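Structure record follows, encoded as structure tokens.
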Amino acid sequence: MREKEFRRSLAIFPIGSVMKLTDLTARQIRYYEEQGLIQPDRNEGNRRLYSLNDMDLLLEIKDFLDEGLNIAAIKKEYASRQVKVQKQEKTLTDEDVRRILHDELRNQGRFSSPSSIFRSS
DNA sequence: CTTCTGACA
DNA sequence: TGTCAGCA
């Protein structure tokens with residue numbers, strides 16, 4: 001389940017393709033980038049390159065705009081999402097620490113117990 | 001030909 | 001947001 005995410009993050013589409021696939025003008029796409037809503041890569045010639053994830057983001061931005069939200073509101077929306085992601089990562093980190101601590105205690109038990117040599121796998 | 005940056009009748 | 005200029 002990692003390959004798919006990796007491919008979706010590959011930036012390979014020039015702005016012209018994004019225009020056709022999102023129905024947005026180059027002006028709008030570049031403007032949303034100025035507002036920090038997307039951060040496409042650049043090729044050797046300074047041309048913007050977009051990924052499938054960028055596409056989804058742009059389509060979502062277009063929907064938000066159609067729903068009446070302004071750029072500022074959308075920026076806040078994504079800002080709050082980042083906070084949630086950070087908190088999730090922190091939770092996972094804490095759980096990793098617990099798992100590591102648990103494994104260490106389990107291994108200590110094996111080596112400190114005389115009978116451990118009979119049930120090693 | 002396509003894209004980029006900057007500017008505004 | 002559209003559009004035009006002047007580059008690359």
Side-chain angles (χ1 to χ4, degrees):
Chain A
M1 195 54 146
R2 267 300 171 186
E3 276 300 297
K4 190 163 59 181
E5 290 180 43
F6 172 65
R7 297 179 192 289
R8 291 185 67 72
S9 70
L10 290 179
I12 61 176
F13 306 100
I15 197 167
S17 300
V18 180
M19 287 174 68
K20 295 176 181 176
L21 271 41
T22 65
D23 194 43
L24 291 170
T25 66
R27 182 78 166 78
Q28 292 175 303
I29 297 171
R30 296 185 186 120
Y31 177 65
Y32 302 154
E33 178 185 350
E34 281 184 41
Q35 301 309 304
L37 268 34
I38 54 176
Q39 37 283 303
D41 285 2
R42 295 287 183 126
N43 63 14
E44 315 72 37
N46 195 43
R47 265 75 197 292
R48 272 167 263 251
L49 295 178
Y50 301 83
S51 69
L52 291 174
N53 284 326
D54 292 326
M55 301 278 210
D56 285 339
L57 216 44
L58 287 169
L59 290 172
E60 189 175 50
I61 292 170
K62 192 177 71 169
D63 286 338
F64 282 146
L65 257 28
D66 289 336
E67 291 173 26
L69 295 180
N70 53 47
I71 300 297
I74 297 175
K75 289 178 67 175
K76 289 184 179 179
E77 169 61 27
Y78 290 143
S80 65
R81 286 189 186 183
Q82 283 304 309
V83 172
K84 290 182 179 179
V85 171
Q86 287 173 29
K87 288 185 177 179
Q88 284 178 28
E89 292 180 339
K90 184 178 185 307
T91 299
L92 290 177
T93 300
D94 290 340
E95 291 185 357
D96 284 340
V97 173
R98 292 184 190 177
R99 178 178 55 69
I100 293 172
L101 198 57
H102 179 273
D103 289 344
E104 286 189 13
L105 291 172
R106 182 167 55 73
N107 286 326
Q108 282 180 21
R110 283 187 177 176
F111 291 122
S112 63
S113 173
S115 60
S116 64
I117 57 176
F118 297 118
R119 48 186 169 73
S120 63
S121 58

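On a predicted model such as this, the values are computed, not experimentally measured, just so you know. Proteins come first, then strands; the chains are lettered A, B, ... in the order of their sequence lines, and each starts at number 1.
Between A:Glu33 atom CD and B:dG6 atom P the separation is 12 Å, expressed in whole Å. For the pair A:Glu34 CD and C:dT1 C1', the computed distance is 12 Å after rounding to whole Å. If you measure from atom CZ of A:Arg30 to atom P of B:dT3, you get 8 Å, rounded to the nearest angstrom. For the pair A:Ile29 CD1 and B:dT5 P, the computed distance is 13 Å after rounding to whole Å. Going from atom CG of A:Asn43 over to atom C1' of B:dT3 covers 9 Å, rounded to whole Å.
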Could you check A:Glu95 against A:Arg99 for salt bridge (charged side-chain N to carboxylate O under 4.0 Å, His left out), going step by step and ending with a plain yes or no? CA-CA 6 Å; A:Glu95 291 185 357; A:Arg99 178 178 55 69; over 6 Å; no

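Base-pair partner of B:dC1: not found among the strands shown (Watson-Crick or G-U wobble, both distances under 3.5 Å). If you check B:dG6 for Watson-Crick or wobble pairing at under 3.5 angstrom, you find it paired to C:dC4.
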For nucleotides 3-8 of chain C, 5' to 3', base contacts (B), sugar-phosphate-only contacts (S) and non-contacts (-) with protein non-hydrogen atoms under 4.0 Å give B----B

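Within residues 7-25 of chain A, the residues approaching DNA chain C are A:Thr25, by heavy-atom distance under 4.0 Å.
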Give every donor-acceptor pair under 3.5 Å between a side-chain atom in residues 30-42 of chain A and any protein atom, sequence neighbours left out.
residue: A:Glu33; atom: OE1; partner: A:Arg48; partner atom: NH1; Å: 2.8
residue: A:Arg42; atom: NH1; partner: A:Asn46; partner atom: O; Å: 3.0
residue: A:Arg42; atom: NH1; partner: A:Asn46; partner atom: OD1; Å: 3.0

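Ion pairing between a basic and an acidic side chain is recognised when a charged N comes within 4.0 Å of a carboxylate O; A:Arg98 and A:Asp94 show no such pairing.
Remark: A:Tyr50 is not in phosphate contact with B:dT3, judged by side-chain N or O atoms under 4.0 Å from OP1 or OP2.
Follow the hydrophobic side-chain contacts under 4.5 Å out from A:Ile61 and you reach A:Leu21 in the same cluster. Cluster annotation: A:Ile12 is connected to A:Met55 through the hydrophobic network of ILVMFWY side chains, with a link wherever side-chain heavy atoms come within less than 4.5 Å.
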